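Residue numbers begin at 1 in each chain, while the letters A, B, ... track the order of the sequences. Note that the structure is predicted; figures quoted are calculated from it, not measured.
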Protein chains: 2
Amino acid sequence: MLWKEIHHKLLNDVRAGHYSAGEKIPTEAELARRFNVNRHTVRRALSLLRDEGFVFSKRGAGVFVTGKNATYRIGKRTRFSQNISSDGVPSRQVTSVETRHATYLEAGKLALKTSDMVHVAEGLGYLENTPIMHSVSQFPAGRCDGILTYLQTNPSKTDAFAALGIADYLRKETEVTAVTATAMMANMLSCAVGAPLLRVNSVNILVDGTPIEYGTTHFIGDRMVLSVHNE
Amino acid sequence: MLWKEIHHKLLNDVRAGHYSAGEKIPTEAELARRFNVNRHTVRRALSLLRDEGFVFSKRGAGVFVTGKNATYRIGKRTRFSQNISSDGVPSRQVTSVETRHATYLEAGKLALKTSDMVHVAEGLGYLENTPIMHSVSQFPAGRCDGILTYLQTNPSKTDAFAALGIADYLRKETEVTAVTATAMMANMLSCAVGAPLLRVNSVNILVDGTPIEYGTTHFIGDRMVLSVHNE
DNA sequence: ATCTATAATTTGTCTAGTTGTATATTGATG
DNA sequence: CATCAATATACAACTAGACAAATTATAGAT
């Protein structure tokens, strides 16, 4: 079986670190030329590598090497950058911001009326240059004005809150469910459509109980473990 | 299909009122970043939204929502249509003025000779920041001298007439037809070429029967209902 | 201040390249 | 002959990049 040899060779290359995390490996056509086989034979080898979690592919772009796994601790004070425990360095990036009216759900979670405005920030979290989470956060206007402009330059929510004079905040509630990735979510998280995701809905509050953030985060299921703490 | 999900999400955002009528939605590049796709994939989603009539785009400027989603708010539209028989629209703006010889048609409508001059004012009317009508008005020189300079600072015709000493005037005749949008009209009204328009020709007169205005107005068909009252 | 020339944005269009999917064919093996 | 691996071919969906055309923002000059 030709494709198994190719799989073995590619796996060795990845493990040997010839391609670092997040890096693009040669195209299927190129690999087919190199191994002197048909493109579909290469695809079969890549398919196994994909299932094993070593690489992920983006239609139209190429095949990329997957990063490492991590665990995410959820407690009373959860901060993304401090709570990811792994070998790699986590980073995050804000992909879009907007200000709009609150939906019914958001209004309820943030103690607002639907006529009130919310600031919305959407972003991705990375580990080893590969996406590991996607988050949408709603902040109540009035209590958090100016947070979006801050987040655009520095994606750290802790820093942003600090800049607004909020030195400390607490996790009030955390709801965790499991969902499967839609095409869009799969694309954003560079995982397969239908892959299991962890969906975390959370509310952060001030020490006096005033809600200041309602967020929904999706983690890639098989790259992330949530550990919940009740101290 | 990624672009279909993006289309669905954008449509939801528009429907939910996250972007209000006439407002600019994020640029294609921004949306591409947010959904983590190529700009062309966003364009395909926007293309469907355009075809469905929810947004329109202006090269070099951006993509804007049409306000079609807000048409179920009959209140504004009703008030709007009530005002058609009298003076004007909630927000209007004079785009150009000129003084020239009367055409044969204008001369007939305004009881002039073709050697007489007419003052011409062209303008746009807006509803919720979206253009909804285009009007051209001809005023007979001699009876309405100085009206153009006034209209340029204040687009209200009632005020302009009042400034000329005309406290009251009546609608003599109103003709309504349906036409399709030419390229020029489509551009001014931010609608598609070939879109259905309502064309209203009207003549306003003094209480003694002297005509003081002949006008042609085009309304966007699917955003406007004319209600005709015979009191 | 106001107008003007320049630069920066933003949409429209085009070409090329890459992965995903479906179907059909070849060739060796039992 | 039936089966399975590999090949061959074609198309769809998406990415990547470049450039043109229209608009908007910016800086400079008068």
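- Going from atom NE2 of A:H40 over to atom C1' of D:dT9 covers 9 Å, rounded to whole Å.
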For a side-chain contact (heavy atoms from CB on, under 4.5 Å) check, start with the C-alpha distance between A:L164 and A:C144, then their side-chain angles and the critical distance, and finish with the verdict. CA-CA 7 Å; A:L164 296 179; A:C144 298; 4.2 Å; yes
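- Residue A:M1 contributes atom CE, which lies 18 Å from atom P of D:dT3 at whole-angstrom precision.
- Here the nucleotide nearest the side chain of A:T41, chosen from D:dA16, D:dT23, D:dA6, is D:dA6.
- Judged by distance alone, the side chains of A:H119 and A:E98 never bring a donor and an acceptor atom under 3.5 Å apart.
- Distance A:R44 CZ to C:dG20 P: 16 Å, rounded to the nearest Å.
- Contact check, A:R43 against C:dG20: a side-chain N or O comes under 4.0 Å of OP1 or OP2.
- Considering only the side chain of A:N187, D:dT15 comes nearest among C:dT13, C:dG20, D:dT15.
- Distances shown here put every side-chain N or O of B:S57 at or beyond 4.0 Å from the OP1 or OP2 atom of C:dT10.
- The side chain to side chain contact (heavy atoms under 4.5 Å, CB included) check on A:H101 picks up A:M117, with sequence neighbours excluded.
- Distance CG (A:D51) to P (C:dG20): 12 Å, rounded to an integer number of Å.
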Test side-chain contact (heavy atoms from CB on, under 4.5 Å) on A:R199 and A:F219; report intermediate values, then the result. CA-CA 7 Å; A:R199 169 183 292 168; A:F219 295 95; over 6 Å; no
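- Of the candidate nucleotides C:dT11, D:dA6, C:dG12, C:dG12 has the atom nearest to the side chain of B:R50.
- Residue B:R39 places no side-chain atom within donor-acceptor reach of the base of D:dG17, judged by atom type and a 3.5 Å distance cut-off alone.
- The nearest whole Å value for the distance from the CH2 atom in B:W3 to the P atom in D:dA13 is 9 Å.
- Atom CG of A:N38 is separated from atom C1' of D:dA8 by 7 Å (rounded to the nearest Å).
- Ion pairing between A:E106 and A:R100 holds under the 4.0 Å rule for side-chain N and carboxylate O.
- Taking only side-chain atoms of A:R59, from C-beta outward, the nucleotide of D:dA6, D:dT7, C:dG20 with the closest atom is C:dG20.
- Summarising the geometry, the separation between CG on B:L49 and C1' on C:dT11 is reported as 15 Å, rounded to the nearest angstrom.
- Atom pair B:L46:CG and C:dT10:P shows a separation of 14 Å (rounding to whole Å applied).
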